[in-house]
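Just below is one structure, and these are the notes that go with it.
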2 protein chains.
Amino acid sequence: MSSIDHKYSECVSIPTPRPKRATVHDVAVEAGVSRGTVSRYVNGERYVSAAARESIEAAIVKVGYVPNTAARNLVMQRSQAVGFIVHEPHALFVEDPNIGEILLGANTALSEADHQMVVLIVDSERDTDRVARYLSGGFVDGVIIVSARANDPISRVVERLAVPAAYVGHPPGASTASFVIIDNSGAARAITERLIGTGRQRIGMIAAALDRDSGADRLAGFTAALGDRFDERLVEAVPLYSYSAGRDGMQALLERAPDIDGVFAASDAVAAGALEALRAAGRRVPDDVGVVGFDDSAWAKRTLPALSTVRQPAAGLGRQAALLVLDQIRGVSAPNEMLLDSAIVWRDSA
Amino acid sequence: MSSIDHKYSECVSIPTPRPKRATVHDVAVEAGVSRGTVSRYVNGERYVSAAARESIEAAIVKVGYVPNTAARNLVMQRSQAVGFIVHEPHALFVEDPNIGEILLGANTALSEADHQMVVLIVDSERDTDRVARYLSGGFVDGVIIVSARANDPISRVVERLAVPAAYVGHPPGASTASFVIIDNSGAARAITERLIGTGRQRIGMIAAALDRDSGADRLAGFTAALGDRFDERLVEAVPLYSYSAGRDGMQALLERAPDIDGVFAASDAVAAGALEALRAAGRRVPDDVGVVGFDDSAWAKRTLPALSTVRQPAAGLGRQAALLVLDQIRGVSAPNEMLLDSAIVWRDSA
DNA sequence: CGAGAGTCTGTGAACGTACACAGAATGCCA
DNA sequence: TGGCATTCTGTGTACGTTCACAGACTCTCG
């Protein structure tokens with residue numbers, strides 16, 4: 001890293017002469033009315049005469065008035081911001097298209113409601129403290145929490161502060177917060193049964209993120225589908241929904257059970273990693289081993305062969321979580337639960 | 001989508017009885033000092049006696065005081081927030097790990113400086129207006145702009161408002177804003193020369209996003225490397241750095257020039273799409289056709305074969321852009337330019 | 001002892017908005 | 001004409017903080 005050029009202006013000591021913004025007072029003077037009337041007009045309230053309305057409109061464009069958010073927030077006792085808390089390592093945030101989709105869905109819904117979204121990524125211990133402090137600071141009116149873990153310190157802080165919250169996935173512990181989910185267990189069961197239906201005899205699973213409800217539920221669905229035929233030696237647990245974890249998990253399964261002929265990977269990224277390991281081991285997919293994933297993320301269509309998987313409405317999850325938080329902020333409803341549909345997408349990998 | 005359960009509390013009319021927060025005044029009373037002294041302590045200023053300090057510390061934990069940001073922002077005339085503007089379609093935001101990395105790098109640097117990052121994604125015309133309004137509203141003290149286009153309305157708004165800004169990539173037009181770049185042209189030239197060195201005779205390029213400086217510069221580097229051997233029929237321009245654009249671009253090249261034996265794809269995602277098209281056409285990589293990409297993103301290691309590409313310090317770009325904005329906000333320096341290093345990573349695709 | 005420097009403290013005024021309240025103007029009806 | 005509802009308007013206060021200022025107190029040194 002190198003700097004090509006450093007240009008310093010001569011008047012470096014002057015911080016910023018920022019042209020001072022017009023206030024509601026300036027508009028009032030310009031329009032020949034009072035602050036109150038301008039305020040009423042701006043907030044679309046009743047009781048503003050046609051004459052006043054016209055002169056205010058003209059005055060606003062003349063002085064270039066834009067309401068000051070800080071002042072408004074101060075008196076309204078709110079910030080018009082919602083935190084988006086992702087409890088994952090930085091690397092996974094980049095790698096998992098799912099999180100990006102959820103983020104986008106939430107961002108869209110919040111924007112439409114004139115709220116800003118503040119992204120908070122919790123990776124290290126240090127982040128936990130920082131985010132907890134941040135939440136206590138009243139920077140946000142509510143939070144959306146993605147991939148909370150069991151015994152999550154952030155969730156405890158959220159609960160203690162009683163800030164409106166919505167989880168994507170089940171909230172940890174006995175929380176009564178809002179959440180939006182898909183039926184992970186049911187979907188996992190369904191795709192496993194479908195995999196069984198292709199005639200596989202030795203079906204294993206690369207289970208990931210068992211400390212989150214999604215990971216645990218997918219394993220539960222897998223177990224339920226196999227019933228008596230379940231063999232715990234065919235389950236390999238990996239920590240994260242990541243490509244490298246999938247590769248390592250598949251390698252472990254191949255060593256422990258060389259006769260394995262079907263694999264349910266807990267996510268598409270995991271499945272993609274598994275495909276690499278299978279390729280390295282000289283196994284053909286789907287001829288020798290059938291592989292199914294979960295998410296229907298960008299990975300699914302771009303692996304070779306393309307993945308059979310469970311379609312998850314990631315953007316919808318984000319959107320609904322945002323709406324649930326907004327409802328609580330407006331006080332129009334108590335915490336709610338919501339279930340979105342998922343579906344099996346059958347491609348070439350099984 | 002279906003709702004499983006709607007629980008409404010009985011007292012739905014009461015908006016939120018939010019326990020009112022302690023103020024600096026409460027702390028002052030509890031500690032037996034004045035507001036001013038508490039303020040000085042909180043802001044780490046001089047002239048606070050040891051006795052006062054102790055009683056204030058005790059009072060703060062007792063009443064559970066956290067400073068009110070809105071009030072502070074109001075009097076300080078700033079928001080402690082920086083906008084992160086991405087000028088891309090939603091789909092690409094999810095697909096391109098590069099943007100995620102830049103976002104993460106910026107977010108980390110901003111967090112360390114106690115600034116929050118507000119993500120603003122500009123996709124449609126409607127978004128442009130919304131974001132422009134947002135910027136005028138004083139919600140942010142500065143902005144980081146990623147993938148600005150020529151004649152970008154957002155950039156014009158930023159310039160007009162004179163809000164501190166830093167671009168990732170060259171700013172459009174004659175802007176004098178800060179920016180942080182890599183040498184796209186030089187890197188493109190270097191990897192093309194390397195590709196030539198493998199003995200390829202008919203080398204083409206899938207050029208993407210020519211309305212952005214990165215896209216145009218990569219094409220320029222490619223052209224320069226080929227010199228006399230440049231054949232414009234071997235260049236296919238596609239609109240976006242996306243997988244599907246890469247696939248379509250490669251198909252077009254194959255139709256126009258079936259004897260093509262080398263391809264420089266403008267990004268890894270584009271290269272991954274090109275690999276699919278080549279596979280579909282029955283060409284082997286790298287045996288029949290050599291392919292190189294750009295970015296060294298998650299795509300590069302996971303295509304088959306793994307991509308030879310240019311490593312770009314994406315997180316570093318975000319981080320430096322954040323630092324450049326922070327410098328301007330603090331008024332410690334005028335707009336700056338910064339060049340980060342890139343390097344060629346040679347793998348199996350060429 | 002008095003002057004001056006250095007340390008510490010409290011008070012009053014902003015910052016820009018929303019909201020409650022009082023009051024003015026108008027229209028209507030008895 | 002008086003009374004009353006309705007519409008509209010202006011003023012004062014509050015939100016929680018920072019900052020400038022004035023003043024009190026402690027030292028030190030001539």
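A, B, ... follow the sequence lines: proteins, then strands. Residue 1 opens every chain.
- Using a 4.0 Å heavy-atom cutoff across all strands shown, B/Tyr65 reaches sugar-phosphate atoms only and no base atom.
- In this entry the distance linking OH of A/Tyr41 with P of C/dC19 reads 18 Å, nearest Å.
- Within the 4.5 Å cutoff, side-chain heavy atoms of B/Ile329 are placed close to those of B/Val82.
- Whole-Å rounding puts the A/Asn43 CG to C/dC19 C1' distance at 10 Å.
- Taking 4.5 Å as the limit, every side-chain heavy atom of A/Thr69 sits out of range of all side-chain heavy atoms of B/Ser79.
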What does nucleotides 5-11 of chain C look like as a protein-contact string, B for base, S for sugar-phosphate only, - for none, at under 4.0 angstrom between heavy atoms? --SBBBB
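- Bracketed by its first and final contacts, the part of DNA chain D lying under 4.0 Å from non-hydrogen atoms of chain A reaches from D/dT7 to D/dG16 in 5' to 3' order.
- For the side-chain contact (heavy atoms from CB on, under 4.5 Å) criterion with B/Glu30, the lone passing option out of B/Ile60, B/Val63, B/Ile56 is B/Val63.
- Side chains of B/Asn336 and B/Gln320 form no contact here, defined as non-hydrogen atoms less than 4.5 Å apart.
- B/Gln328 places a side-chain N or O within donor-acceptor distance of the main-chain N or O of B/Ala165, the cut-off being under 3.5 Å.
- Look at A/Asn68 and you won't find any side-chain N or O under 4.0 angstrom from OP1 or OP2 of C/dC15.
- Nucleic acid contact for B/Asn73: none, since no nucleic acid atom lies under 4.0 Å from a heavy atom of the residue.
- Checking side-chain atoms of A/Gln80 against main-chain N and O of A/Asp114 turns up a donor-acceptor pair under 3.5 Å.
- Taking the nucleotide of DNA chain C with the nearest heavy atom to each of A/Met76 and B/Ala71, the more 5' of the two is matched to B/Ala71.
- When the C1' atom of C/dC15 is taken as reference, atom NE2 of A/His25 falls 13 Å away, rounded to whole Å.
- A 4.5 Å side-chain heavy-atom check between B/Phe93 and B/Val146 finds every atom pair outside the cut-off.
- For the side-chain contact (heavy atoms from CB on, under 4.5 Å) with A/Val38, the qualifying choice from A/Val29, A/Asp26, A/Val27 is A/Val27, the only one to do so.
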